[in-house]
Amino acid sequence: MSWYHATMYDAGRPAGSLWEETAPALADGADLGPNGEDVCDIAIIGGGFTGLSCALHLARDSGADVRLLEAGPLAWGASGRNGGFCILQPTGLSYDSMISRYGEAEAKRFVASQVEATRFVRAFAEDEKIDIEPQGEGELHVAHAPSRYAGLAHERDVLNRTFGIAARLIPREEVAAEWYDSSEQFGALHVPVGFGLHPLRLARGLAAVAARSGAKLHGGSPVIRWEKEGRLHRLATPTGTIRASRVVVATNGFTRPPAPPALAENVIPVLSNIVVTRPLTDGELAAQNWRTETPCANTRNLLFYYRLLPDRRFLFGARGDLTGRPKDGLRMRRFMERRLGEVFPGWAHVETTHSWRGFVCMAARLTPSIGALPDDGSVFFALGYHGNGVAAAPWAGRLLAQLIGGKAEFSDIPALVRGPPARIPFPVLRRWYLRGALGYYRLMDI
């Protein structure tokens, strides 16, 4: 079970995000509500980007009989709470580490797949006429201290030379004049892959197309018991039981029992928090010389990520607390409001209107995991996006659908993400592992 407060898993509680207030309603009939008794070929647990994309492509491209079960409303988890950064990379590994661990060829294959993932999201939205409110071009990776600029120069060289991505190093003065300025801006690297978007618009668009393609989507259907009867899986919810030949686990940071221990015990949920300001005035934007819609993240290990939204609200995100208790959520909001004012002094007086949080999913090998369980090839999974799944999760869902539908082989999965997550020794100690890691990263960020 999780060490986080029960409210973090209460699917009846809205996230409280700006996205919930500004996304169009889910298409009529897309969410069929709590499930009853049913039998199908493939059951998907999790109604976020991964599960919805998998359901869509299975139903549309393979004609599969699909049931999707989501504990809350569709996209209630991270897919409806994230910052809307559709960018590289869904991993905690540096490019050098990818190459040394998996070899240059596999690192190239993985990076190319994630470039394609960002393009897939944009193309899907355009083809289906879903207004995801795309913004900016690529990502600005900002040195939060002078000592971090050299690391960005090395990253540029690796991206240019090894991966063929035309990343550009920008000195502090140019960033201040052409992009923005702040107390923690000492030059930046522009990576021209990806963009910002409205994540709940994307998720609800995926749900609408999946339902229209024949997938049956059931919100309000948490899986509380999972048993095997011969070749069939029995997934029990409070309102009925789904029997399926194959199961897809697509629960990311919300993965808990009764998911198989190989998944539930070997991922680490980590809280991430977001605050959003009221719309900024022309004068306030000028105070920081803010001139861009490109998503930004800094070089802290416990990073800040931020972007200007279409209505000129400012979104500011950071990793969260270790408990999930409501009082610690309020404490994190106060911390983030203070840090927002310190990083952007011209906005220290600007009030925030929204604050929310949710889980990102980390794993020991610092990469996502995609595949099928070694001891039960009828259970598939894709999870562990390390706080960067807006592009990777829809791509992974499509890849799972191709695997299940016989349109791809396991060898088509890049080695960096192939197979289950690495085993975490003594899973009951995960909270303490996380506490130690966060303490170390805070020291490294000083």
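Every value quoted in this text rests on a predicted model; they were computed, and no experiment measured them. Throughout, residue positions are numbered sequentially from 1 according to the sequence presented.
- Judged by distance alone, the side chain of Ser79 and the main-chain N or O of Phe49 form a donor-acceptor pair under 3.5 Å.
- Asp328 contributes no side-chain N or O that, together with a main-chain N or O of Gly324, makes up a donor-acceptor pair within less than 3.5 Å.
- Under the 4.5 Å side-chain criterion, counting only non-hydrogen atoms from C-beta, Ile165 is in contact with Pro192.
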For Ile42 and Phe380: C-alpha separation, side-chain torsions, deciding distance, then whether side-chain contact (heavy atoms from CB on, under 4.5 Å) applies. CA-CA 10 Å; Ile42 303 155; Phe380 296 79; over 6 Å; no
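- Residues Val142 and Tyr180 are in side-chain contact: their nearest non-hydrogen atoms beyond the backbone lie under 4.5 Å apart.
- Note that CD of Glu155 is 9.5 Å distant from CG of Asp96, once rounded to the nearest 0.5 Å.
- Taken from OG1 in Thr162 to CG in Asp157, the straight-line distance is 9.5 Å, to the nearest 0.5 Å.
- Checked against side chain to side chain contact (heavy atoms under 4.5 Å, CB included), Ala364 has the following partners two or more places apart in sequence or in another chain: Ala422, Ile424.
- At least one donor-acceptor pair under 3.5 Å links the side chain of Arg148 to the backbone N or O of Thr299.
- For the pair Gln114 (side chain) and Pro90 (backbone), a donor-acceptor distance under 3.5 Å is absent.
- The salt bridge (Lys or Arg N to Asp or Glu O under 4.0 Å) search around Arg246 returns Asp41, not counting sequence neighbours.
- Here the shortest heavy-atom pairing between Gly387 and Arg319 reads CA-NH2, 4.1 Å.
- When side chains are defined from C-beta on, Arg168 counts as touching Glu174, because their heavy atoms get closer than 4.5 Å.
- What you find for Ile99 and Ala107 is that their closest heavy atoms are CG1-CB, 3.8 Å.
- Distance alone, capped at 3.5 Å, places no donor-acceptor pair between the Glu106 side chain and the Gly103 backbone.
- Heavy-atom minimum distance, Ala382 versus Ile370: CB-CG1, 4.1 Å.
- Qualifying salt bridge (Lys or Arg N to Asp or Glu O under 4.0 Å) partners for Asp181, counting only residues two or more places apart in sequence or in other chains: Arg172.
- With sequence neighbours excluded, the residues that form a side chain to side chain contact (heavy atoms under 4.5 Å, CB included) with Asn289 are Arg291.
- Under the 6.0 Å cut-off for aromatic ring centres, Phe344 and Phe314 qualify, their centroids lying closer than that.
- Remark: His190 pairs with no residue by the side chain to side chain donor-acceptor pair (under 3.5 Å) rule, at least two apart or across chains.
- Between Arg278 and Val350 there is a side-chain heavy-atom pair separated by less than 4.5 Å.
- For the atom pair CG (Leu58) and CD (Gln402), the distance works out to 10.0 Å, reported to the nearest 0.5 Å.
- At least one side-chain heavy atom of Trp290 sits under 4.5 Å from a side-chain heavy atom of Trp347.
- Legend: ring pair (Phe, Tyr, Trp, His ring centres under 6.0 Å) pairs involving residues 74-108, not counting sequence neighbours, sorted by first then second residue: Trp76-Phe254, Phe85-Tyr305, Tyr95-Phe163.
- Legend: residues meeting salt bridge (Lys or Arg N to Asp or Glu O under 4.0 Å) with Asp375, ordered by chain and number and at least two apart, are absent.
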Determine, stepwise, if the pair Asp321 / Arg357 fulfils side-chain contact (heavy atoms from CB on, under 4.5 Å). CA-CA 10 Å; Asp321 61 86; Arg357 56 188 178 161; 2.9 Å; yes
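- When every heavy atom of Pro425 is checked against every heavy atom of Arg423, the shortest pair comes out as CD-O, 3.7 Å.
- The environment of CZ in Arg119 is sparse: at most 12 heavy-atom neighbours from other residues, nucleotides or ligands sit within 6.0 Å.
- Salt-bridge formation is detected for the pair Glu184/Arg339: a Lys NZ or Arg NE/NH1/NH2 atom is positioned less than 4.0 Å from an Asp or Glu carboxylate oxygen.
- A 4.5 Å side-chain heavy-atom check between Phe316 and Met336 finds at least one atom pair inside the cut-off.
- The shortest side-chain heavy-atom distance between Asn252 and Phe359 does not fall under the 4.5 Å cut-off.
- For the pair Thr292 (side chain) and Thr294 (backbone), a donor-acceptor distance under 3.5 Å is present.
- If you take CG on Leu159 and CG on Leu152, they are separated by 10.5 Å, rounding to the nearest 0.5 Å.
- In this structure, CG on Leu340 lies 9.0 Å from CZ on Phe304, to the nearest 0.5 angstrom.
- Of the possible donor and acceptor atoms, none in the side chain of Thr118 sits under 3.5 Å from a partner among the backbone N and O of Ile87.
- Within the 4.5 Å cutoff, the side chain of Leu315 has no heavy atoms near those of the Leu18 side chain.
- Side-chain atoms of His354 never come within 3.5 Å of backbone atoms of Thr352 as a donor-acceptor pair (strictly under, hydrogens ignored).
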Determine, stepwise, if the pair Ile45 / Val247 fulfils side-chain contact (heavy atoms from CB on, under 4.5 Å). CA-CA 7 Å; Ile45 306 173; Val247 177; 3.9 Å; yes
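- To the nearest 0.5 Å, atoms NE2 (His141) and CG (Leu88) are separated by 11.5 Å.
- Evaluation of the side chain to side chain donor-acceptor pair (under 3.5 Å) rule for Ser97 yields Ser94 as partners, not counting sequence neighbours.
- Nearest heavy atom pair, residue Pro269 against residue Tyr9, reads CG-OH, 4.5 Å.
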Donor-acceptor pairs are to be reported for all side-chain atoms of residues 128-140 against protein atoms at under 3.5 Å, with residues two or more places apart or in another chain.
{"residue": "Glu128", "atom": "OE1", "partner": "Arg212", "partner atom": "NH2", "Å": "3.0"}
{"residue": "Glu128", "atom": "OE2", "partner": "Arg60", "partner atom": "NH1", "Å": "3.4"}
{"residue": "Asp131", "atom": "OD1", "partner": "Glu133", "partner atom": "N", "Å": "3.0"}
{"residue": "Gln135", "atom": "OE1", "partner": "Arg307", "partner atom": "NH2", "Å": "2.7"}
{"residue": "Gln135", "atom": "NE2", "partner": "Glu293", "partner atom": "OE2", "Å": "3.3"}
{"residue": "Gln135", "atom": "NE2", "partner": "Leu308", "partner atom": "O", "Å": "3.1"}

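- The minimum heavy-atom distance between Cys86 and Ala391, with the atom names listed, is SG-CB, 3.7 Å.
- Distance alone, capped at 3.5 Å, is enough to place a donor-acceptor pair between the Trp356 side chain and the Arg81 backbone.
- Using a distance-only test at 3.5 Å, with no hydrogens or angles considered, a donor-acceptor pair links the side chain of Ser183 to the main chain of Glu342.
- Residues Arg313 and Thr277 have side chains that never bring a donor and an acceptor to within less than 3.5 angstrom of each other.
- Residues forming a side chain to side chain contact (heavy atoms under 4.5 Å, CB included) with Thr7 (at least two apart in sequence, or on another chain): His5, Arg13, Pro326.
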Show every donor-acceptor pair shorter than 3.5 Å between a side-chain atom in residues 410-417 and any protein atom, with sequence neighbours excluded, or say none if there are none.
{"residue": "Asp412", "atom": "OD2", "partner": "Glu409", "partner atom": "N", "Å": "2.7"}

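- Partners of Glu116 according to the salt bridge (Lys or Arg N to Asp or Glu O under 4.0 Å) rule, which considers only residues two or more places apart in sequence or in another chain, are Arg398.
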If you apply the rule side-chain contact (heavy atoms from CB on, under 4.5 Å), what do you find for Arg312 with Glu284, and how did you get there? CA-CA 10 Å; Arg312 305 208 297 187; Glu284 288 164 343; over 6 Å; no
